[in-house]
Amino acid sequence: MKRLLLMMICTLGILSCGVPKEVTVPDKHLNYKDSIVLYNEKPYTGKVKLKKIAEKEQFEEGYISVKDGKLEGITDFKNDAAKTHFKFDVKSGKFNGEYILKHPLIGDFVMNFENGELKELKGKFPNDINQDLIFDKDGNVNGLIEQGGEQLDFQGGVAVKDTLKVKMFLDTETKQKLVTEVYEGDKLMAREENILLFTVKDFTEELLPVTGLQ
């Protein structure tokens, strides 16, 4: 009877250890299919460490946290060749807490999220525009934007400069685009939309495959 129990315990131990809590790419058991990280063809839960591959022109290092094959938890990875760095926490499929983004085409930012909603943004765009912004519950901008010694001070999504009124807010549909509208009197003179960040979906569908998850 004792021998049977020992065999059962050992078997259960082997099964529980069959899927490691941490793996390093490349790994023959690990792959990426239909936006899901798989281990032995089953959705993986754990930490995927990214190994620096010096012979490649572009490489990644850091780690990705996944649950049931999807991004969940803290992810932190960078690409020295491309001069990029991303660090964020995903909870229930949404960004939560601090989000660090460094990308030569987008800028260098630190943001804060609450349950997927952007609340703070501080950083610099490539064209030397500095931003120190807080977003209210409606997505309106509050704070300062500075470029070349000139400042715009936003309160409730509105800043006034000479005869112009500038409105800035997050788009109501996705909350991922920063919308800027310039008015002279009541006349709309210009409107621009800028994508602020890579979404959880962007990371999953576009960036995860280049980390070595093939």
Side-chain angles (χ1 to χ4, degrees), residues 9-123 126 174-177 195-214:
I9 292 170
C10 290
T11 301
L12 289 172
I14 291 171
L15 289 174
S16 64
C17 295
V19 179
K21 294 181 179 179
E22 185 176 293
V23 293
T24 300
V25 293
D27 186 300
K28 66 180 181 180
H29 303 290
L30 196 70
N31 69 321
Y32 178 80
K33 186 186 299 180
D34 298 329
S35 301
I36 299 293
V37 179
L38 302 172
Y39 190 89
N40 285 336
E41 299 302 321
K42 294 182 179 180
Y44 177 66
T45 295
K47 181 184 288 187
V48 179
K49 296 185 69 176
L50 308 173
K51 185 178 181 180
K52 187 173 179 179
I53 305 174
E55 64 269 18
K56 290 190 175 182
E57 182 179 351
Q58 292 190 344
F59 52 83
E60 306 283 351
E61 57 181 327
Y63 63 91
I64 298 167
S65 298
V66 294
K67 181 179 180 180
D68 297 326
K70 298 180 180 180
L71 285 173
E72 185 78 10
I74 296 176
T75 286
D76 184 359
F77 70 94
K78 62 181 179 178
N79 185 320
D80 290 334
K83 298 180 180 179
T84 60
H85 182 204
F86 299 93
K87 183 179 181 181
F88 52 82
D89 188 9
V90 176
K91 291 186 177 180
S92 301
K94 299 177 181 179
F95 291 124
N96 199 67
E98 187 177 73
Y99 179 128
I100 295 172
L101 184 155
K102 185 176 182 180
H103 193 288
L105 298 179
I106 301 174
D108 192 347
F109 298 101
V110 176
M111 293 165 280
N112 275 288
F113 285 81
E114 291 181 9
N115 194 32
E117 291 192 10
L118 181 62
K119 295 300 181 181
E120 297 180 41
L121 183 153
K122 186 172 184 177
T174 70
K175 294 291 183 73
Q176 306 295 336
K177 297 177 184 177
I195 297 175
L196 279 178
L197 48 91
F198 291 110
T199 65
V200 174
K201 183 179 179 181
D202 291 332
F203 276 108
T204 301
E205 296 181 352
E206 298 179 26
L207 297 182
L208 284 188
V210 305
T211 64
L213 295 171
Q214 302 293 338

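If you read the sequence from its start, that first residue is 1, and numbering goes on from there. Keep in mind that this is a model prediction, so the values were computed, not measured. Only heavy atoms go into these numbers, but all of them, side chains included; no hydrogens, no water, no symmetry mates.
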Residue pair Pro43 / Leu38: nearest heavy atoms and the distance that separates them: N-CD2, 3.6 Å
Aromatic ring pairing Phe95/Phe113, orientation class (parallel under 30°, perpendicular over 60°, tilted between): tilted
Residue pairs involving residues 102-119 (criterion salt bridge (charged side-chain N to carboxylate O under 4.0 Å, His left out); sequence neighbours excluded): Glu117-Lys119
Note, Val200 side chain near Lys94 side chain (heavy atom, < 4.5 Å): no
Close side-chain approach of Leu50 to Val25, heavy-atom, < 4.5 Å: yes
pair Tyr39-Asp27: side-chain heavy atoms closer than 4.5 Å: yes
Lys33 side chain near Glu41 side chain, heavy-atom distance below 4.5 Å: yes
Any Thr75 side-chain heavy atom under 4.5 Å of Tyr63 side chain: no
His85-Asp76 side chain donor-acceptor pair, cut-off 3.5 Å: yes
Pair Phe86 and Phe77, ring centroids less than 6.0 Å apart: yes
Close side-chain approach of Glu61 to Asp80, heavy-atom, < 4.5 Å: yes
Beyond-backbone contact of Leu101 with Met111, side-chain heavy atoms, under 4.5 angstrom: yes
Closest heavy-atom pair and its distance - Pro126, Pro104: CG-O, 3.5 Å
Sole candidate of Glu72, Lys21, Lys67 that passes side chain to side chain contact (heavy atoms under 4.5 Å, CB included) when paired with Thr45: Lys67
Straight-line distance of Ile36 CD1 to Tyr44 OH, nearest 0.5 Å: 14.5 Å
Working for side chain to side chain contact (heavy atoms under 4.5 Å, CB included), residues Val37 and Leu30: CA-CA 7 Å; Val37 179; Leu30 196 70; 3.9 Å; yes
Leu121 side, atom CG; Phe109 side, atom CZ - distance, nearest 0.5 Å: 5.5 Å
Close side-chain approach of Leu71 and Ser65, heavy atoms under 4.5 Å: no
From Asp89 atom CG to Ile74 atom CD1, the distance as rounded to the nearest 0.5 Å: 5.0 Å
Atom pair NZ/CD1 of Lys49 and Ile64 - distance to nearest 0.5 Å: 13.0 Å
